[in-house]
*Asks:* 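Got a structure for you, questions after.
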Amino acid sequence: MKTRNITKTAALFAAMMASTGFAVSNDALLDLLVQKGVISQDEASQVAKELEAERPVMVTAKSKAVKDLKLTGRLHMQYDNISNDDNRDSQNGFYFRRIYLGAEAKFANDWYGSIVGNFGGKDDSINVDKAVVGWKYDPKAEFEVGYTKVPFGFYETTSSSKIKTVERSIANRYFAEEDGLRFASRYTGVFVDGDLGAGFSYDAALVTADASNARDDDLVGYENGLGAFGRLEWKSEKTDMGQLLVGLDLGYKQDGSYFVDDSSNEGTGGVGMGDLFGYGLHANYSVGNFNLSGEFLGATVEDVAGEDVDVFGVTVIPSYKITDKWELVAAFSTIDTDGADLLDADDLVRRSNTGKGYDEGTSYYIGFNYYIIGNDLKLSGGYERASFESANGSSEVEIDAFRLRLQALF
């Protein structure tokens, strides 16, 4: 083949490859090829028609200031089979645990905007999972303003797409969920994180004390106030001996103790309006196909009688990949509320349909992950056995839960 024909073929192939991108430079490229005498005007016109016919549908942003637009999604289809010995109805069926759709727009000078909606909320509700405007000012300081999770709780700040177990642990859920402390949660405020060098990194947040995107002046469960959270982590270099991550979390909320008012129901809950201080220690060690993570969470809160209550929780999760596809997982978790009977078992073991008013709980888990196409398409399953008991021993419950989850990320 002559050199001219080789050049022409390569040029036309480059033009057609460009059509899979934004395709805004195709006309300019074809004009240049005509000017250089590589192709004729008739050939350029024919190629332009072919590119126009084959060009895929493109999604673009309304604002001309947007340099790049990315769409994201997360689907969690789940099966639960959950029973208890409390003479309450069991759960047995399929449902969507999460349906996330999101978009991220990148602007000039390292500015960006990100929003994620959860279309699989309780009672088919639609909630905002994240909404921020960010600025990557420097590797030592990336800023975000908006609504997102605060840096508290190692497992809570690990994406649900990357956790090893089907559901997060009972200790994790007590510190994060609405019927618990609702401390490691999503808040509205200012966030910053960065790399300090030598393996050290940090996260910090200054937020409104209400764990929501509340815009009313009559906040239910909280007085107007602020909260502050911080995290310091150190991560070693990866060697033949493995890699170690250790971290410390601290958090404080003004007038932030939160207990669900269930005075008309079982249990001793109520709304305590004292300040809330929380702390956490976590570590993660990986070597080869083995991974071991652990977390200790603690908090001092004020109950309805004005007394301080010290609560703590522990979670340990070992896992091992026996092949590139299959991973075995185990977990242990415990939570204790210092004799205050503040636990809602139904909230800690999701959909277990059990009661409130327990002082301590323990959970054991054994399961697997099958990576169909890496983490983007994954099947997870596991069995959990949990037990809860009141402070005086008058009330207790045991729960058996088997779950399967199919994950798809895009």
*Asks:* Which atom names give the shortest non-hydrogen contact between Tyr155 and Arg168, and what distance separates them?
*Replies:*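 Smallest heavy-atom distance, with atoms named: O-NE, 2.9 Å.
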*Asks:* Tell me whether Lys321 forms a cation-pi arrangement with Tyr371, defined as NZ or CZ under 6.0 Å from the six-membered ring centre and within 45 degrees of its axis.
*Replies:*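 Pair Lys321/Tyr371 counts as cation-pi.
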*Asks:* Which donor-acceptor pairs under 3.5 Å do the side chains of residues 106-120 make with protein atoms, sequence neighbours left out?
*Replies:*
unit_1: Tyr112; atom_1: OH; unit_2: Glu142; atom_2: OE2; d: 2.6
unit_1: Tyr112; atom_1: OH; unit_2: Glu144; atom_2: OE2; d: 2.7
unit_1: Asn118; atom_1: OD1; unit_2: Gly120; atom_2: N; d: 2.9

*Asks:* What closest approach, in Å, do Gly382 and Tyr365 show between heavy atoms, and which atom pair accounts for it?
*Replies:*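 In terms of heavy atoms, the two residues are closest at CA-OH, 3.4 Å.
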*Asks:* Apply the side chain to side chain contact (heavy atoms under 4.5 Å, CB included) test between Leu342 and each candidate in Ile335, Asp336, Thr337, Asp359; give the one that qualifies.
*Replies:* Thr337
*Asks:* Side chain to side chain contact (heavy atoms under 4.5 Å, CB included), that's the test. Do Leu292 and Val316 meet it? Break it down for me.
*Replies:* CA-CA 8 Å; Leu292 176 65; Val316 179; 3.9 Å; yes
*Asks:* Would Thr354 and Asp346 count as having a side-chain donor-acceptor pair, cut-off 3.5 Å?
*Replies:* no
*Asks:* Once you round to the nearest 0.5 Å, how far does CZ of Phe183 lie from OH of Tyr174?
*Replies:* 12.0 Å
*Asks:* Does the ring center of Phe152 lie less than 6.0 Å from the ring center of Tyr252?
*Replies:* no
*Asks:* Is there a donor-acceptor pair closer than 3.5 Å between any side-chain N or O of Asn289 and the backbone N or O of Ile322?
*Replies:*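 A pair under 3.5 Å: no.
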*Asks:* Show, in sequence, the C-alpha distance, side-chain angles and deciding distance for Leu276 and Thr300, and conclude whether the side chain to side chain contact (heavy atoms under 4.5 Å, CB included) test is met.
*Replies:* CA-CA 6 Å; Leu276 193 158; Thr300 300; over 6 Å; no
*Asks:* Quick one: pull up CG in Asn369 and NZ in Lys164 and give me the separation to the nearest 0.5 Å.
*Replies:* 7.0 Å
*Asks:* Determine the minimum heavy-atom distance between Leu297 and Gly280, stating which atoms define it.
*Replies:* CD2-CA, 4.0 Å
*Asks:* Is there a side chain to side chain contact (heavy atoms under 4.5 Å, CB included) between Lys140 and Asp138 once you walk through the steps?
*Replies:* CA-CA 5 Å; Lys140 294 184 175 63; Asp138 186 87; 3.3 Å; yes
*Asks:* Check whether Asp249 reaches the backbone of Gly153 with its side chain - one donor and one acceptor, N or O, closer than 3.5 Å.
*Replies:*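 Present.
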*Asks:* Nearest 0.5 Å, please: how far is CG in Asn84 from CD1 in Ile399?
*Replies:* 6.5 Å
*Asks:* Let me confirm one number: the OG-CZ distance from Ser363 to Arg385, rounded to the nearest 0.5 Å.
*Replies:* 11.0 Å
*Asks:* Can you give me the closest heavy-atom contact between Ala330 and Ile366, atom names plus distance?
*Replies:* CB-CD1, 4.2 Å
*Asks:* Can you list, pair by pair, the side-chain donor-acceptor contacts under 3.5 Å of residues 403-410, counting residues two or more places apart and other chains?
*Replies:*
unit_1: Arg403; atom_1: NH1; unit_2: Glu384; atom_2: OE1; d: 3.1
unit_1: Arg403; atom_1: NH2; unit_2: Arg350; atom_2: O; d: 3.3
unit_1: Arg405; atom_1: NE; unit_2: Gln78; atom_2: OE1; d: 2.8
unit_1: Arg405; atom_1: NH1; unit_2: Val166; atom_2: O; d: 2.9
unit_1: Arg405; atom_1: NH2; unit_2: Gln78; atom_2: OE1; d: 2.8
unit_1: Arg405; atom_1: NH2; unit_2: Val166; atom_2: O; d: 2.9
unit_1: Arg405; atom_1: NH2; unit_2: Glu167; atom_2: OE2; d: 3.4
unit_1: Gln407; atom_1: OE1; unit_2: His76; atom_2: NE2; d: 2.8
unit_1: Gln407; atom_1: NE2; unit_2: Ser161; atom_2: O; d: 3.2
unit_1: Gln407; atom_1: NE2; unit_2: Asn375; atom_2: O; d: 2.8

*Asks:* Minimum heavy-atom separation for Phe290 and Pro318, please, with both atom names.
*Replies:*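 For Phe290 and Pro318, the tightest heavy-atom pair comes out as CE1-CB, 4.3 Å.
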*Asks:* Classify the side-chain pair Asn392/Ser394 by whether it contains a donor and acceptor separated by less than 3.5 Å.
*Replies:* yes
*Asks:* Check this for me: does any side-chain nitrogen of one of Asp347 and Lys356 sit under 4.0 Å from a carboxylate oxygen of the other?
*Replies:* no
*Asks:* Report the C-alpha separation of Ser160 and Arg97 in whole Å, then their side-chain angles, then the decisive distance to 0.1 Å, and conclude whether the side chain to side chain donor-acceptor pair (under 3.5 Å) test is met.
*Replies:* CA-CA 11 Å; Ser160 62; Arg97 175 69 169 88; over 6 Å; no
*Asks:* Around atom NZ of Lys235, are there more than 12 heavy atoms from other residues, nucleotides or ligands closer than 6.0 Å?
*Replies:* no
*Asks:* Please find the pair of heavy atoms, one from Asp86 and one from Gly355, that lie closest to each other, and give the distance.
*Replies:*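 That closest heavy-atom pairing would be OD2-N, 4.4 Å.
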*Asks:* Would you say the side chain of Phe229 lies within less than 4.5 Å of the side chain of Asp203, judging by non-hydrogen atoms?
*Replies:* no
*Asks:* What's the separation between atom OH in Tyr320 and atom CD in Glu327, rounded to the nearest 0.5 Å?
*Replies:*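 Tyr320 OH to Glu327 CD: 11.0 Å, rounded to 0.5 Å.
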*Asks:* How far apart are the C-alpha atoms of Phe388 and Val349, what are their side-chain angles, what is the distance that settles it, and do they pass the side chain to side chain contact (heavy atoms under 4.5 Å, CB included) test?
*Replies:* CA-CA 10 Å; Phe388 296 88; Val349 181; 3.9 Å; yes
*Asks:* When you look at OH of Tyr383, are more than 12 heavy atoms from neighbouring residues, nucleotides or ligands closer to it than 6.0 Å?
*Replies:*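 Yes, enclosed.
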*Asks:* Test your reading of the model: is there a side-chain donor-acceptor pair from Gln254 to the backbone of Leu226, 3.5 Å cut-off?
*Replies:*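 Indeed, once roles are kept as given, a pair shorter than 3.5 Å links the two residues.
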*Asks:* Sort out for me which residue in Val150, Thr157, Asp193 forms a side chain to side chain contact (heavy atoms under 4.5 Å, CB included) with Arg231.
*Replies:*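 Of the listed options, the one satisfying the test is Thr157.
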*Asks:* Short question: side chain of Gln91, backbone of Asp80 - any donor-acceptor pair under 3.5 Å?
*Replies:*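 Not confirmed, Gln91 side chain does not pair with Asp80 backbone.
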*Asks:* Do the side chain of Lys70 and the main chain of Ala103 share a donor and acceptor less than 3.5 angstrom apart?
*Replies:*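 Such a contact is absent between Lys70 side chain and Ala103 backbone.
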*Asks:* Please find out if less than 6.0 Å separates the ring center of Phe94 from that of Tyr79.
*Replies:*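 Yes, they do, as the ring centres are separated by less than 6.0 Å.
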*Asks:* If we count only N and O atoms by modelled type, under 3.5 Å, do the side chains of Thr315 and Ser333 hold a donor and an acceptor together?
*Replies:*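 Distance-only check passes for Thr315 and Ser333.
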*Asks:* Would you indicate whether the side-chain heavy atoms of Asp129 and Arg186 approach each other to under 4.5 Å?
*Replies:* yes
*Asks:* Could you give me the CA-CA distance, side-chain angles and deciding distance for Ser201 and Asp195, then say whether side chain to side chain donor-acceptor pair (under 3.5 Å) is met?
*Replies:* CA-CA 4 Å; Ser201 62; Asp195 185 353; over 6 Å; no
*Asks:* Any side-chain heavy atom of Tyr187 sitting closer than 4.5 Å to one from Lys253?
*Replies:*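 Sidechains of Lys253 and Tyr187: in contact.
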*Asks:* Would you say Val145 and Trp135 make side-chain contact, with heavy atoms under 4.5 Å?
*Replies:*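 When only atoms from C-beta onward are counted, Trp135 and Val145 do not touch, as no gap falls below 4.5 Å.
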*Asks:* How long is the span from the CG atom in Asn284 to the CD atom in Glu233, to the nearest 0.5 Å?
*Replies:*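 Asn284 atom CG to Glu233 atom CD measures 9.5 Å (nearest 0.5 Å).
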